[in-house]
Student: 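Please find one structure pasted underneath; my questions will follow.
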Amino acid sequence: MPVKPLNCTIVIFGARSDLASRKLFPALYDLAAWGHLPHDYLILGVGRVPVSDEEFRQQVKNKLAMFSPESLQHGDYSTAFFERLRYVKADFMKADDYSLLQQKLGEIAREKSEVANVLFYLSTPPGLAPVIVRNLEHAGLGGKMSNLGGWRKIVIEKPYGINLETARELNAVVGDVFREAQVFRIDHYLGKETVQNILVFRFSNGIFEPLWNRHFIANVSITISEDFGIRDRGAFYEETGLLRDIFQNHALQLLAAVAMEPPVDLSADAVRDEKAKLLRSIRRLSPENTGNSLVLGQYEGYRSEKNVAPDSVVETFAAVKIYIDNWRWKNVPFFIKAGKNLAETMTEIVVTFNCPPQNFFGPAESCSYTANQVIFRIQPEETISIRFGAKRPGESLITDPVYMKFDYRSSFSEKGLTAYHRLLLDAIAGEQMNFIRQDSVEYSWAIVDAIREAAGGKPPEPYPVHSRGPESVEHLYG
Ligand code: BG6
């Protein structure tokens, strides 16, 4: 468990956002109830709508009941938690409105004898981040200034910018106002137990690493599939689309974890150096080399969702074949597929090994379904399986695929923290390993920008709800 400071005020911009309601407040509530937050914590919601502290508390309570009723089962804690919630009205765009926030933080600092720690959390659309950071600076609230005493840090939600250019601009603004050690670019996938376990699996087990390369591995596929649509995030999706919402961050971070080189140690920078190097080695798609390496799709009915344009060409599905130009992975295809409203909700990485040089056992095509695989199931089940061929009972020597499976829930009795629990604690403690560094953000955007350019503005292919995606996805694997 990271070391926790004595006090911390968590200032949430976008405190009434979908993300804050579904993830942040439930995680903060649990952490507070378990005693994991700093002893002297306060949560300050910032938003445009004028509501009193009392109304804000009631709204948070309602959202908790809706999205995380199990959290409220720590019933006797609720009064203490809600007393620590405050609200400040501010238009994020108006520099003057930040003086109220500064005043409030000043009062809190005085109560705490001038050593108040502040964690700003931006749960806001990507376009607002640079404005908020600049306005914090004007109000004297930037991380490089310390007129209130204590530390200041900032957590910025994905998508971090909407392309390489805006990410660079945001990095420049953030770099003016905060030191890199104070910046936490969050991708909650990095807080998932099963994602963290990919590194442990790879680098703590002697038998896999020697095989983890182009000599033994035929291909790797990464799937992030959801059986629900964009919910009520039409406006957000119209601005982002799936490539920016899920591919640029979650999918590429999974790819980095499964394909990176071993770090020299477990310091945040050593791990992030290797991830950045990996992302930098990914071959960019171009209109000339796209061939059948890219399929974008849109689920039927997307255009009738609330706040979506009736002629929208925003993608809700993407499948891309990627190559990594380095010694370990040259010519090994990585298939990445992610989509909304597909047949099932699951995230997994499948590493498929080469077939043995000779197939003694039938049926003839057996390699395609008995080739060795390591399967990381990230969710909903949290498992790692190894597939291998075994003799089917009976007289003939026929191979069938069988699985050895490790299941988190049956192997470990203690319940792990969820991604937001862990990452909030890490940010408060200043532990950056599971946050994305500036260079990785930029490499990831360069990959996604190239994909978008390679698509050449071609409208996405429609696909039926609860299907496997557009039909032409099959050609990608062919
Ligand atoms: C978010 C995306 O970052 O991740 C959502 O904005 C997506 O579109 C979600 O549904 C998936 O995360 P999880 O952890 O709920 O599977």
Side-chain angles (χ1 to χ4, degrees), residues 14 17-27 30 66-68 70-71 121-129 155-162 184-198 222-254 257 296-299 302 305-308 314-318 336-349 376-383 408 416-424 434-436 441 444-445 448 465-466 469:
S17 62
D18 184 72
L19 176 92
S21 308
R22 281 175 197 275
K23 306 281 189 187
L24 289 184
F25 281 108
D30 292 339
M66 194 185 304
F67 294 121
S68 185
E70 64 286 359
S71 295
Y121 197 115
L122 270 48
S123 168
T124 47
L128 286 177
V155 180
I156 304 179
E157 266 293 343
K158 52 148 283 272
Y160 190 87
I162 53 164
F184 295 77
R185 298 174 193 83
I186 193 168
D187 173 341
H188 76 281
Y189 256 58
L190 295 184
K192 289 182 190 276
E193 199 80 67
T194 35
V195 174
Q196 301 194 340
N197 195 36
I198 297 172
I222 298 177
T223 306
I224 302 178
S225 130
E226 294 176 328
D227 68 358
F228 49 88
I230 54 164
R231 294 189 163 131
D232 49 3
R233 298 196 303 161
F236 170 77
Y237 240 74
E238 285 289 276
E239 198 188 341
T240 52
L242 184 120
L243 282 169
R244 290 169 168 146
D245 179 37
I246 291 182
F247 196 94
Q248 187 268 346
N249 31 73
H250 305 333
L252 289 180
Q253 286 300 318
L254 290 181
L296 298 182
Q298 185 187 76
Y299 64 80
Y302 171 76
E305 300 272 21
K306 200 171 140 214
N307 295 326
V308 167
V314 164
E315 78 288 348
T316 59
F317 174 96
I336 308 185
K337 185 170 103 177
K340 298 265 174 201
N341 252 335
L342 295 177
E344 60 178 327
T345 294
M346 68 92 168
T347 300
E348 80 175 9
I349 304 174
F376 299 93
R377 192 43 93 100
I378 310 294
Q379 54 192 29
E381 306 90 14
E382 299 180 323
T383 57
Y408 252 96
L417 298 175
T418 68
Y420 274 94
H421 290 136
R422 176 174 291 112
L423 294 177
L424 279 163
N434 294 311
F435 292 86
I436 305 181
V441 169
S444 304
W445 275 123
V448 167
V465 166
H466 296 156

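One-based numbering along the sequence shown. Atoms within each ligand, like the ligands themselves, are counted from 1 in listed order. Side chains are part of it too, since the values below use all heavy atoms of this structure and drop only hydrogens, waters and symmetry mates.
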Student: Salt bridge or not for Arg422 and Glu193, using N-O below 4.0 Å?
Tutor: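 Judged by the 4.0 Å cut-off on N to carboxylate O distance, Arg422 and Glu193 do form a salt bridge.
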
Student: Does one side chain, of Glu157 or Tyr121, offer a donor that lies under 3.5 Å from an acceptor on the other?
Tutor: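 Per modelled atom types, Glu157 and Tyr121 side chains form a pair under 3.5 Å.
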
Student: Go through the side-chain N and O atoms of Tyr160 and Ser444 and say whether any donor and acceptor fall under 3.5 Å apart.
Tutor: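 Distance-only check fails for Tyr160 and Ser444.
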
Student: To check you understand the geometry: which heavy-atom pair defines the closest contact between Ile246 and Asn249, and what is its length?
Tutor: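 What the structure gives for the nearest pair is O-OD1, 3.3 Å.
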
Student: For ligand 1, what N or O to protein N or O distances fall under 3.5 Å?
Tutor:
from: ligand 1; atom 1: 3 (O); to: Lys158; atom 2: NZ; distance (Å): 2.7
from: ligand 1; atom 1: 3 (O); to: His250; atom 2: NE2; distance (Å): 2.8
from: ligand 1; atom 1: 4 (O); to: His250; atom 2: NE2; distance (Å): 3.2
from: ligand 1; atom 1: 6 (O); to: Lys158; atom 2: NZ; distance (Å): 3.1
from: ligand 1; atom 1: 6 (O); to: Arg233; atom 2: NH1; distance (Å): 3.3
from: ligand 1; atom 1: 6 (O); to: Arg233; atom 2: NH2; distance (Å): 3.2
from: ligand 1; atom 1: 6 (O); to: Asp245; atom 2: OD1; distance (Å): 2.5
from: ligand 1; atom 1: 6 (O); to: Asp245; atom 2: OD2; distance (Å): 3.3
from: ligand 1; atom 1: 8 (O); to: Arg233; atom 2: NH2; distance (Å): 2.5
from: ligand 1; atom 1: 8 (O); to: Asp245; atom 2: OD2; distance (Å): 2.6
from: ligand 1; atom 1: 8 (O); to: Lys340; atom 2: NZ; distance (Å): 2.6
from: ligand 1; atom 1: 10 (O); to: Glu226; atom 2: OE1; distance (Å): 3.3
from: ligand 1; atom 1: 10 (O); to: Glu226; atom 2: OE2; distance (Å): 2.5
from: ligand 1; atom 1: 10 (O); to: Lys340; atom 2: NZ; distance (Å): 3.1
from: ligand 1; atom 1: 12 (O); to: His188; atom 2: NE2; distance (Å): 3.1
from: ligand 1; atom 1: 14 (O); to: His188; atom 2: NE2; distance (Å): 2.7
from: ligand 1; atom 1: 14 (O); to: Lys192; atom 2: NZ; distance (Å): 2.6
from: ligand 1; atom 1: 15 (O); to: Lys23; atom 2: NZ; distance (Å): 3.4
from: ligand 1; atom 1: 16 (O); to: Gln379; atom 2: NE2; distance (Å): 2.7

Student: How would you list all residue pairs meeting salt bridge (charged side-chain N to carboxylate O under 4.0 Å, His left out) that involve residues 227-243, not counting sequence neighbours?
Tutor: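 Pairs touching residues 227-243 that pass the test: Arg233-Asp245.
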
Student: Measure across Ile156 and Ala129 and return the closest heavy-atom pair with its distance rounded to 0.1 Å.
Tutor: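 Residues Ile156 and Ala129, closest heavy atoms: CG2-CB, 4.5 Å.
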
